[in-house]
Amino acid sequence: MADKHKNFIGGEWVKPTTGEYFENRNPAKQSDLIGLWPRSGRDDVDRAVEAARRGYETWRRTPAPERGALLKTVGDLLTARKDEIARAATREMGKTLQETRGDVQEGIDTAYYAATEGRRLFGHTVPSELRDKWAMSFRRPIGVCGLITPFNFPMAIPTWKMFPALLCGNSVIIKPAEDVPHTVTLLVEILEEAGIPRGVVNLVHGLGEEVGAAIVEHPGIPVISFTGSTETGRIVGRICGEMHKRLSLEMGGKNAQIVMPDADLDLALEGVLWGAFGTTGQRCTATSRLLLHEDIHDEFVDRLRKQAKGLKLGYGLDGDVEVGPLINEASREKVEQYVEIGQGEGDLALGGERATGRALKDGFFFEPTIFTDVQPGSRIATEEIFGPVLSVIRFGDVDEAFRINNEVKYGLSSSVYTRDVNVSFRALQELDNGITYVNAPTIGAEAHLPFGGVKQTGNGHREGGWEVYEFYSETKVGYLDYSGRLQRAQIDNYAGPGQEPEEAERL
Ligand code: UN1
């Protein structure tokens, strides 16, 4: 009988009130049952909110540097257990061990960044327009934050949300994707070991439409941070709008790598292989469009096809594997549907099938797939597939390439390979994305810089870096008047045209 895992509420590991559980299986080996996790319900969320409210009362009074020191300990514990956690993450998520090590490292980086932010959390002190008056802004926590995280970065994305929320003095309730409950369970164990006070961190496992919906709809949770599909994000956005909640959305992408004729083609080739097929294409930052200049198009496609064909698929814990499985059957079916659509929109140059070799038949594997001669406006060139499917588009000049890049509803990342400094700077200015890489693939965001996208990728907020601290705190302004008399802003210091201010007369 597989282990039954628990929720973490108010500092205790507790069973779900529903008494129900769901299975967590290895996507590379379906026969490998990792364990059973709680299929919680609304009552569990209610309990978590009560606990989180109590936790908030103590945590918000804890000095920010002390909150930071706890996150430093969390970073140290993650470092000590990096390999073990990465192995658990590969087992439940499927990407290679090298990638899950990177995923845990991103959590460590986020912890150490948060730790130092505890000694900053800057406000502003600015001159008042009146005499003997002081004006400044500072930051206050908001309350209980509901964090809903996806499967593709089972450690990094939960930490992107949780650590800044905690550093700012909030308490949190996290619901990880039901495909990857184990990694966040390990993270919460570490927070417990580091000494996080009761109720400050709460973990409620379950399904999106049950626990996720209960979190979004709960009136006791004023802040929601969601990473997932643009479709679900729209529903989350509507509810949060009606309830006046603060909301951060990180959603889809349709990211392009542009290769100019003057580029280092070896580098561009390495970049697109990693960008398109790393994480089996299951990144919001995955390269799903390759824009090739007509002068280098045929040669590049030829080389790309050969290299992509040679990628080794398999279980991510096996040494030389380069591409893991898709996360589940629904995701593989979605990829298959897009391949069918693609047959009518471009030429299938590689792949297009389930990968079913002997070591692969027990998992959700899909061959790296490339379509060439794809029209920029077609469905496979504009819709997010979240799988190992790359659409190749030919262009004639840089203006056309930039226009094609910008012609989709998403705007997360973009990449341009060129040796021309003018094209590089134009790309930064003109590509409608939250992130543009020059001579690097569309993936590779670092924890200490803002991460997020424009258009339907997001709703204007950023994760990572310094900006996320603004999302998890409320700005408050203080005015201190020590003049000993009533001073009226906008009135007493501007008496009107031709008239001296009263203050000036007095002096
Ligand atoms: C995501 O694509 O879902 O950009 C997040 C990267 C990562 C984060 C990606 N650090 O490579």
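Whatever order the structure lists them in is the order used to number ligands and atoms, beginning at 1.
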field: Residue pairs passing the side chain to side chain donor-acceptor pair (under 3.5 Å) test where at least one lies in residues 325-342, sequence neighbours excluded
entry: D179-N328, E329-R332, E329-R354, E336-R354, Y338-E383

Residue pairs fulfilling ring pair (Phe, Tyr, Trp, His ring centres under 6.0 Å) with at least one residue in residues 403-434, sequence neighbours excluded: none

message: Whether the side chain of R39 engages the backbone of L207 through a donor-acceptor N/O pair (distance < 3.5 Å, no angle test) should be reported.
response: no

task: Quick one: list whatever passes side chain to side chain contact (heavy atoms under 4.5 Å, CB included) with E470, sequence neighbours left out.
output: R139

field: Polar side chain donor-acceptor pair, T285 to S413, under 3.5 angstrom
entry: no

message: Does either side chain, that of N7 or that of S40, offer a donor lying less than 3.5 Å from an acceptor on the other one?
response: yes

Could you go through ligand 1 and note, for every N or O atom, any protein N or O atom closer than 3.5 angstrom, writing the atom names and distance to 0.1 Å, or 'none'?
from	atom 1	to	atom 2	distance (Å)
ligand 1	2 (O)	C284	N	3.0
ligand 1	2 (O)	T285	N	3.1
ligand 1	2 (O)	T285	OG1	3.0
ligand 1	3 (O)	N152	ND2	3.0
ligand 1	3 (O)	C284	N	3.4
ligand 1	4 (O)	G444	N	3.1
ligand 1	4 (O)	A445	N	3.0
ligand 1	10 (N)	E106	OE1	2.9
ligand 1	10 (N)	E106	OE2	2.9
ligand 1	10 (N)	A445	O	3.2
ligand 1	11 (O)	R283	NH1	2.8
ligand 1	11 (O)	G444	N	2.7

